Amino acid sequence: MLVSEILRVKGGALYTTTPGQKLSAVIDAMAELDVGSLVVMGEGRMVGIVTFREVIKAMQAGNPDLQVRDFMVADPVTAFPDMEANSLRRLMIEKHSRYLPVLDQGQLLGVISFLDVAKAVLEEQTLENTLLKNYIKNWPEEARS
């Protein structure tokens, strides 16, 4: 399974913010949208990412006027569409990243979460199990003896 397939199943929703947005607005947006990350866009391109981890750290600083540029991950780890799901999982674990932007030649295609990967793997395994059970169930009689 490829990252592009996971993105296709997930859908095209992409939630963004800007470097000048205040912490309180980011919290409101993430809560309203029920998402754990926002891509930070500046001048038409991705300049970073904010996840609930950065929001919590920013809240701990106690300054509600902080701007996204003050607490975003400016150079996030990224994935690419032709990456295999196993490589993606390994990368997410090694880099301790729950959310990875997916880029294709610098163009942002979406963000994949660890939950998206888990769902895709579960669906793939369920399909494989169903196909194998059907194959075994319909096994020719002469091959069974």
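Worth saying up front: this structure is predicted, and the values here are computed from it rather than measured.
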Participant: Return the CD to CZ distance between Gln21 and Arg69, rounded to the nearest 0.5 Å.
Facilitator: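 Answer rounded to 0.5 Å: 10.5 Å.
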Participant: Under the side-chain hydrogen bond (donor to acceptor under 3.5 Å, both in side chains) rule, collect the residues that match up with Ser97, sequence neighbours excluded.
Facilitator: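 Ser97 satisfies side-chain hydrogen bond (donor to acceptor under 3.5 Å, both in side chains) with no other residue.
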Participant: With Arg89, which residues qualify under side-chain hydrogen bond (donor to acceptor under 3.5 Å, both in side chains), at least two apart?
Facilitator: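 Listed in chain order: Asn86.
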Participant: Nearest 0.5 Å, what's the CD-OG1 distance between Glu43 and Thr18?
Facilitator: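 It is 12.0 Å, given to the nearest 0.5 Å.
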Participant: State yes or no: do Ile49 and Ile93 share one hydrophobic cluster built from I, L, V, M, F, W and Y residues joined by side-chain heavy-atom distances below 4.5 Å, directly or via other members?
Facilitator: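 Result: no, two separate clusters.
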Participant: Do you know which of Met92, His96, Arg90 makes side chain to side chain contact (heavy atoms under 4.5 Å, CB included) with Glu94?
Facilitator: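 In the set Met92, His96, Arg90, the residue that makes a side chain to side chain contact (heavy atoms under 4.5 Å, CB included) with Glu94 is Arg90.
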Participant: Would a 4.5 Å heavy-atom cut-off, applied to side chains only, mark Val55 and Val50 as touching?
Facilitator: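 Of all side-chain heavy-atom pairs linking Val50 with Val55, at least one is under 4.5 Å.
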Participant: I want to check something: taking the side chain as every heavy atom from C-beta on, are Leu88 and Ile6 in contact at a cut-off of under 4.5 Å?
Facilitator: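 A side-chain contact under 4.5 Å exists here.
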Participant: Answer whether the closest heavy-atom distance between the side chains of Pro81 and Leu2 falls below 4.5 Å.
Facilitator: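 Heavy-atom side-chain distance check fails, nothing below 4.5 Å.
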Participant: How many angstroms lie between OG1 in Thr51 and CE in Met30, if you round to the nearest 0.5 Å?
Facilitator: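 That separation rounds to 6.5 Å.
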Participant: Taking C-beta and beyond as the side chain, do Val40 and Met46 meet within less than 4.5 Å on heavy atoms?
Facilitator: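 When only atoms from C-beta onward are counted, Met46 and Val40 do not touch, as no gap falls below 4.5 Å.
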Participant: Above 12 or not: heavy atoms from other molecules or residues under 6.0 Å from CG of Asp75?
Facilitator: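 No, the 6.0 Å shell around CG holds no more than 12 heavy atoms from other groups.
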Participant: Are any non-hydrogen side-chain atoms of Met59 and Ile27 less than 4.5 angstrom apart?
Facilitator: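 Answer yes - side chains close enough.
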Participant: Flag the pair Leu91 / Met83 as yes when at least one side-chain heavy-atom distance between them is below 4.5 Å, and no otherwise.
Facilitator: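 Side-chain contact under 4.5 Å: yes.
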Participant: Return the set of residues passing side chain to side chain contact (heavy atoms under 4.5 Å, CB included) with Tyr15 (not counting sequence neighbours), or none when no residue passes.
Facilitator: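 For Tyr15 the side chain to side chain contact (heavy atoms under 4.5 Å, CB included) partners, ignoring immediate neighbours, are Ala13, Leu33, Val35, Leu38.
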Participant: Does Met72 reach the side chain of Val47, with side-chain heavy atoms less than 4.5 Å apart?
Facilitator: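 Heavy-atom side-chain distance check passes, below 4.5 Å.
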